[in-house]
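Predicted, not measured: the structure shown is a model, and the values here were computed from it. Counting from 1, the numbers follow the sequence of the chain as shown.
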Amino acid sequence: MSQPHELPVQSGPTPSRNPFVRFQQEFERRFNRFRERYGLLLEQSIAHRNAFVTLSLIVAVGSLSLFFFLGRDYFPEIRSGIITMHMRAPLGTRIEVSGRIATLVSTSIQELLPGEVENVVSNCGLPVGPHNLAFIPTPTIGSQDCDLTILLKDEKSPVWDYRRILRKGLRERYPGTEFTFQPSDLTAKILNFGAPAPIDVQINGPDVYPNYEFARKLAGKFREIPGAADVVIQQTMRTPTLMVEGNRTFGLGVNRTLKEMADNLLMTTAGSQQVDQIYWLDPSTGMSYLINVYTPQAQINSVNSLKTIPVESSGLSPNGQEMQLLGNLANISAEGTPGVITHGNIMPLFNIYVSAEGRDLGGVLADVETIAKSMEHELPRSAALEIHGQASLMHDAYFELIFGLLVAIALVYLLIVVNFQSWLDPFIIITALPGALAGIAWALFLTHTRLSEPALTGAIMTMGTATANSILVVSYARERLEEHGDALRAAIEAGTTRFRPVLMTASAMIIGMVPMATGYSANAPLGRAVIGGLLVATLFTLFFVPCVYTIFYTRRTARQKVNA
């Protein structure tokens, strides 16, 4: 007998030795298992679709309330390696004394921020010439003012924490000296239009002294606002000044005019270049030099020394008149005068600068507006109060962005209506957008990020991607419904079939935004908004949209059967 022929044992495909192929095969196996689990969850969600949709809507709409707790900024402040600070010593401080105080302050800054400061550069007094003062954004108005630029070793330092330390430490060490901080990054300087603070309250009117007293009351109220910092009135009205008032009647009796009194006073205190500029030409080099003759400052150290200034007559008299002293011809008194006069629409203007520290700019601005409105009855009748600066522009920017977001949603809806030739399918598509807004709110809330223009821009970007993913699901469900007419089955098939492209689109966007969201740039809120919005919007696209599709089309099919 012949032996039975044994069939060869068929084995499975030989595993590839290529690591990339093996990785792809393992990934596909795990992904298919993950998609099967999603299909089971989707079936359960559709089975309880009414409860699921209701609960999801409640959570999404309730999450929108988080926007009221985020706070509002125009643009977020970023980490920096520079701090710009202004120091104002007591009014009337001489330039050399201000320089010595600035040196001590520089040493104190390094002590308060040990190991963090690279260098401190100070610039005291008025710039040389009015041209420089016009183009340098600084609150400097006299010899008592100094601008200090603090260079930090770390370019990504939390400058807001350092400012808080410096405010407290310097105020304790230097009573009577005022310290305020200015924006150091270029974005904040541009948005402030050169002003040293984002909130600029302007009081404009012809009556200078009543307006200044009202500005002082208003500034005192602003200092009580939580989060308000560096509240200061730019203009000063009490700069120590010696007023020399000549006696015209007595001066004419001794043949001395007010011009002669002023010329002799200027020559003694400021030099001859203030009265008559004289140049000396060096014959050896051909260079000309300005000659300035004046009394040494050490000899002009009291009011009595001013009274003994000789006043000569410019006219020639044959009788040889006696020398007259300034104290015999004029009265010298100490008064407080304006340190600087600012005009707006020709009339005098006072600026009250307010910055926000430890609180959102929108909240501080709201309190400033409330206090300004509550004190309108004390405003001088000839004056007008207006709020300018970066904060005033924030309202317009927010309105335009939110309006643009709503218009974008409406235009996308109408565009889909034209494409689908239906009003129902586009409505089902945009039902994923409440989930996107909820995700944005939670992302900003959990990362302690305030609402800002970059965050709103990220919201607009999220709306487009979320709508595109939802279109993938609804369009495929529509095709399957036309094929077999079962809405429930079409929704499940659409979710499982479009699972991969929806995840790929959302994942690519989210991964691309991770470096931006984790960075220290001003666009970090944009990345965080996009990531949070797409995470929740993707869940709504894969679960919420199929459930809504099933609800509407199941009811439509039932009505069609009844009508038939």
Taking every non-hydrogen atom, the tightest pair across G62 and S65: O-OG, 2.6 Å
Rounded distance [0.5 Å steps], CE in M461 versus OG1 in T457: 8.5 Å
H48 side chain vs Q44 backbone, donor-acceptor pair below 3.5 Å: yes
Aromatic plane relationship, F399 with F403 - under 30° parallel, 30 to 60° tilted, over 60° perpendicular: parallel
S157 side chain to R79 side chain, donor-acceptor N/O pair below 3.5 angstrom: no
L542 backbone acceptor or donor facing Y38 side chain under 3.5 Å: yes
Heavy-atom pair of closest approach, residues S355 and P198: OG-CD, 3.7 Å
Heavy-atom closest contact (Q202 atom, L349 atom, distance): CB-CD1, 3.6 Å
Evaluation steps, ring-ring contact (aromatic ring centres under 6.0 Å, His included), between F214 and F350: CA-CA 10 Å; F214 176 76; F350 290 97; over 10 Å; no
Gap separating the CH2 atom of W442 from the CG atom of L444, nearest 0.5 angstrom: 12.0 Å
Stepwise salt bridge (Lys or Arg N to Asp or Glu O under 4.0 Å) check, E28 with R500: CA-CA 11 Å; E28 289 292 336; R500 182 190 292 266; 3.1 Å; yes
Centroid-centroid distance, F34 to F499, less than 6.0 Å: yes
N-O pairing of D145 and R88 below 4.0 Å: yes
Shortest non-hydrogen contact from V159 toward I78: CG2-O, 4.1 Å
Those residues that, when tested against C547, pass disulfide bond (SG atoms under 2.5 Å apart) (two or more places apart): none
Under-4.0 Å salt bridge between R163 and D230: no
Sidechain-backbone polar pair: N345 side chain, M347 backbone, donor-acceptor under 3.5 Å: no
Lys/Arg-Asp/Glu bridge criterion (N-O < 4.0 Å) met for R171, E178: no
Pair E493 + R480: basic N to acidic O under 4.0 Å: yes
Min side-chain heavy-atom separation I82-I150 under 4.5 Å: no
Within the 6.0 Å centroid threshold, strictly below: F427 and Y413: no
CD on Q182 to CG on D147, rounded to 0.5 Å: 5.5 Å
Contact summary for I409 and L433, nearest pair of heavy atoms: CG2-CD1, 3.8 Å
Sequence neighbours excluded - salt bridge (Lys or Arg N to Asp or Glu O under 4.0 Å) pairs with any residue from residues 400-428: D425-R478
Heavy-atom donor-acceptor pair, R528 side chain to A517 backbone, under 3.5 Å: yes
Pair E116, Y162: side-chain N/O donor-acceptor within cut-off below 3.5 Å: yes
From Q235 atom CD to I341 atom CD1, the distance as rounded to the nearest 0.5 Å: 9.5 Å
NZ/NE/NH1/NH2 to OD/OE distance under 4.0 Å, K217 and E213: no
Any donor-acceptor N/O pair, R450 side chain to D73 backbone, under 3.5 Å: no
Criterion side chain to side chain contact (heavy atoms under 4.5 Å, CB included) on V545 and I429, from CA distance to verdict: CA-CA 7 Å; V545 171; I429 289 172; over 6 Å; no
Where I203 and L379 come nearest, the two heavy atoms and their spacing: CG2-CD1, 4.3 Å
Sidechain-backbone polar pair: S475 side chain, L472 backbone, donor-acceptor under 3.5 Å: yes
Side chains of N351 and D200, donor plus acceptor under 3.5 Å: yes
Sidechain-backbone polar pair: H484 side chain, L481 backbone, donor-acceptor under 3.5 Å: no
Between CZ on residue R49 and OG1 on residue T550, distance to nearest 0.5 Å: 6.0 Å
Distance (rounded to the nearest 0.5 Å) between T180 OG1 and M85 CE: 8.5 Å
Carboxylate-amine/guanidinium proximity below 4.0 Å for R30 and E26: yes
Side chain to side chain contact (heavy atoms under 4.5 Å, CB included) between D161 and R164, worked out: CA-CA 5 Å; D161 293 334; R164 192 177 299 109; 3.1 Å; yes
Stepwise side chain to side chain contact (heavy atoms under 4.5 Å, CB included) test for L503 and F31: CA-CA 11 Å; L503 286 186; F31 182 81; 4.2 Å; yes
is_close_aromatic(Y353, F222), centroid dist under 6.0 Å: no
L152/E118 under side chain to side chain contact (heavy atoms under 4.5 Å, CB included): CA gap, chis, key distance, verdict: CA-CA 5 Å; L152 304 174; E118 180 73 24; over 6 Å; no
